[in-house]
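One structure is given here, and the rest of the page talks about it.
Computation of the quantities below employed the complete heavy-atom set of this structure, encompassing side-chain atoms and omitting hydrogens, waters and symmetry-equivalent molecules.
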Amino acid sequence: MAIGVLLLVLLHPVGAEPARRHVLVLFENNRLLPANVLGDRGITSALAEVDRSTEISTEFLDYPRFSGAAYGATVTRFLKEKYAARPPGVVIVAGDRALDFALNTRSELFPHVPVVHVGVARSYLASGPPLPDDVVGVPFDRDFGGTIGQALQWHPQARHLVLITGASEHDRNWEEELRQAAGRFEDRVSIETLAGRPIAEVLKRVAELGTDAVVVTPGFFRDGAGSLFTPADSVRLIAQAAPAPVYGPFVTFIGTGVVGGWMTSFEAMGREGGVIANQLLAGQAPSALRLPPVMPVALHVDWRQIERWGIDPAAVPADAIVRFRSPGFWQTYSKEAIAVGLAFLLQSLLLTALLVERNRRRRAQSSVDQYRFELAHASRLAVAGELTGSIAHEINQPLAAILSNAAAAEMMLESGTARPGELKDILADIRRDDLRASEVIRRLRALLAKHEVERQPFDLNEILSDVIALLGAEARRRRIALSARPASETITVVGDRIQLQQVLINLIMNAMDALADTPEEQRNVTVSLEGAATGATIRVRDRGHGITGDHLAKLFESFFTTKRKGIGLGLSIARTLVEAHGGTIAAESVPGEGAVFTIWLPRVVPGGSGWIGAT
């Protein structure tokens, strides 16, 4: 047992960590090259799918900015020293020059580490010696021929093909491939090559092209003046200057102004390299890998350029990879459209239900208003019944005076002693008493008439005067001092004057009822009217016994009354009528000191467009 434990300790010393997955990725260009960004994304995602803790080191040769034997030796020494203590388990090289560098330095750097190549053209591999067994990868094709053929298919009117390349070694390799591919179309178009020229000269020539031209270019790293570019940047400048459509073979050109081309995805290349690296790190032998001969190529297009150059959308293959196409409304907002449609349907149903309910409520409200109108009219008739004796007295007085004056005039005429002046005075008295009786009947008819509700402006002082005149006889009959304090100004409100008269009559009659068993010297009812900026206040004050606290809270409720023969609707109707005029009514009382009923009504401001405070 002790020997077994000792062997375990020797084989797994204390503090030792398991070997980690370490991958070195070497790009031939700088880190900001769009192709490198996409390739790195593919490599990283593929490695993380197997083990998210995989250690990834990334280096860039920064070609073509730096090159030569001295530079190569410096980079080799740097990498050797940097990774001496932590060598990678797999090296992934991206690009032709990166593969060259790895093949030339691997004996010095990482002699027994397998190499995976990505982004290497199949034509480049075919032009050199066979790769070692532990250097594997899937090459790709720069399909210049397919791209040129697609351009001429979509632009059958084209008679001039312009090829543009640069001055670096890479650019010259692309130029050779581009020329060979274009040679197949010499019988259809004239071919012009702009190779290794300064960018200004290229743009000037491109700007002079006619509508019968088509431009095909892989871009370039260096122009004839020695200025450095990324291929995507150089193509963007060309597309901006060209009055003719531009095509290219790399996916990083989509969005720069090119129409499209037959291309291989750099991200897909990176993913393929990451998958191969995972297999090698898992211990699989390079010779046992089953790799495809070449990366797939597909037609990539910029839909905005399809529309710009008038290309028939039906001519775009269904399997083409389309970018920047604005999807149709249904494709973009199908879920939202369904949701909106359902919401609209539900809203329509809800609105229909609300309209039905509104009409039902209106009919119900109309019925309630009609009943309320009938009830208010009945209340006025009941008040008139209470005032019968006083009203009869008020009418009998002027009628008796008229009869007396008529008899006196008749006697004067029969005796022959009538003088014109005396007869004139008698006629004046008759006219005055007739008007007095007529005014009493007018007020009574206005109160008792069954009329439709009217909303018109009127002066509250006039209402107060009519009510005091109508109830004056009843107050005298009950030996009550009824006094009014009108406002010193005209106070105009909007509403139904008969309804407001009814409210005041009800409150004054209640005040007189409250004084029934009080000493005669205390039988005072005062009605005052005060105006303010936005409204008017009417107070009806009596000197009765007051209202108890428990009664005060229920005073305006329907069918609540403190009278023996009351039905409890007077104050409820009064509150309804006041609130219908946008006002309020309230009661205050101190037991033994009388009660005060206060009405507030919104008033019409002179020169204004309506009544302030109305709802």
Out of D40, V116, V115, which one pairs with I92 under the side-chain contact (heavy atoms from CB on, under 4.5 Å) rule? V116

Please evaluate residues E267 and R271 with respect to the criterion salt bridge (Lys or Arg N to Asp or Glu O under 4.0 Å), reporting the C-alpha separation (whole Å), side-chain torsions for both, the decisive distance (0.1 Å), and the verdict. CA-CA 6 Å; E267 185 170 355; R271 282 193 59 82; over 6 Å; no

As an exercise, state the distance from CD of E357 to CG of L354, rounded to the nearest 0.5 Å. 8.0 Å

What are the two closest heavy atoms between T147 and G260, and how far apart are they? CG2-O, 4.2 Å

Mark yes or no for whether R159, through its side chain, and S190, through its backbone, hold a donor-acceptor pair below 3.5 Å. no

Hey, could you give me the CD/OG1 distance between Q157 and T211, rounded to the nearest 0.5 Å? 7.0 Å

Shortest non-hydrogen contact from P218 toward F144: CB-CE2, 3.8 Å

Nearest heavy-atom pair of A121 and D96: which atoms, and what distance? N-OD1, 3.4 Å

Side chains of T264 and D141 in contact at under 4.5 Å (non-hydrogen atoms): no

Out of curiosity, L79 CG to Y83 OH, how far, rounded to the nearest 0.5 Å? 6.5 Å

Would you mind reporting whether R31 and N36 have side-chain heavy atoms less than 4.5 Å apart? no

Run the side chain to side chain contact (heavy atoms under 4.5 Å, CB included) test on R323 and D302 for me, step by step, so that the C-alpha distance in whole Å, both residues' side-chain angles and the decisive distance to 0.1 Å come before the verdict. CA-CA 5 Å; R323 297 277 304 279; D302 184 333; 5.6 Å; no

Do the side chain of T165 and the main chain of E175 share a donor and acceptor less than 3.5 angstrom apart? no

Drop me the distance from L178's CG to T193's OG1, to the nearest 0.5 angstrom. 7.0 Å

Before accepting this row, confirm whether a basic side-chain N of the pair R172/E177 lies closer than 4.0 Å to the acidic partner's carboxylate O. no

Does the N30 side chain pair with the main chain of L33, one donor and one acceptor, at a distance under 3.5 Å? yes

Which is it for R205 and E201 under the salt bridge (Lys or Arg N to Asp or Glu O under 4.0 Å) test, yes or no, and what are the steps along the way? CA-CA 6 Å; R205 174 64 187 117; E201 181 180 335; over 6 Å; no

Which residue in the set D134, I276, V135 passes side-chain contact (heavy atoms from CB on, under 4.5 Å) when paired with P286? D134

Please check if any side-chain donor atom of S227 sits under 3.5 Å from a side-chain acceptor atom of R222, or the reverse. no

Side chains of V162 and L209: closer than 4.5 Å at any heavy-atom pair? yes

Applying side chain to side chain contact (heavy atoms under 4.5 Å, CB included), run through S53 and R21 and close with a yes or a no. CA-CA 8 Å; S53 66; R21 290 161 46 99; 6.0 Å; no

Check whether any side-chain heavy atom of H160 sits under 4.5 Å from a side-chain heavy atom of V214, and report yes or no. no

Should R142 and R122 be marked as a side chain to side chain contact (heavy atoms under 4.5 Å, CB included) after you check the CA-CA gap, both sets of side-chain angles, and the distance that decides it? CA-CA 8 Å; R142 284 187 284 266; R122 184 160 60 168; over 6 Å; no

Determine yes or no for a side-chain-to-main-chain donor-acceptor pair under 3.5 angstrom, with T44 supplying the side chain and R41 the backbone. no

Would you give the length of the straight line joining atom OH of Y247 to atom NE2 of H155, rounded to the nearest 0.5 angstrom? 2.5 Å

Side chain N29, main chain Y63, donor-acceptor under 3.5 Å: yes

Neighbour count above 12 (heavy atom, 6.0 Å) for D133 CG: no

Side chain proximity check, E579 to T584, heavy atoms < 4.5 angstrom: no

Are side-chain heavy atoms of I56 and T58 found at a separation under 4.5 Å? yes

Do D62 and R97 meet the salt-bridge criterion of a basic N to acidic O distance under 4.0 Å? no

Search all heavy atoms of V258 against all heavy atoms of Q305 and return the closest pair with its distance. O-CG, 3.3 Å

With a 3.5 Å distance limit and no angle check, can you tell me whether S234 reaches the backbone of P231 through a side-chain donor-acceptor pair? yes

Flag the pair F220 / F229 as yes when their ring centroid distance falls below 6.0 Å, and as no otherwise. yes

Please check: side-chain N/O of T230 versus main-chain N/O of D233, any donor-acceptor pairing under 3.5 Å? yes

Please determine whether side-chain hydrogen bond (donor to acceptor under 3.5 Å, both in side chains) holds for the pair D51 and T54, giving the CA-CA distance in whole Å, both sets of side-chain angles, and the decisive distance to 0.1 Å. CA-CA 6 Å; D51 188 347; T54 301; 4.5 Å; no

Taking the six-membered ring for Trp, are H117 and F140 ring centroids under 6.0 Å apart? no

Nearest heavy-atom contact between P114 and G89 is CD-O, 3.5 Å

Quick check: do D223 and R197 have side-chain heavy atoms less than 4.5 Å from each other? no

Which atom pair, heavy atoms only, marks the closest approach of V275 to A46? N-CB, 3.9 Å

Does V37 form a side chain to side chain contact (heavy atoms under 4.5 Å, CB included) with F266? I'd like the steps, not just the answer. CA-CA 9 Å; V37 174; F266 289 111; over 6 Å; no

Atom pair CZ (R184) and CG (L152), whose distance is rounded to the nearest 0.5 Å: 10.5 Å

Below 4.5 Å, heavy atoms only, C-beta onward: do V93 and F101 meet side chain to side chain? no

Taking the six-membered ring for Trp and the full ring for Phe, Tyr or His, determine whether the centres of F250 and W174 are under 6.0 Å apart. yes

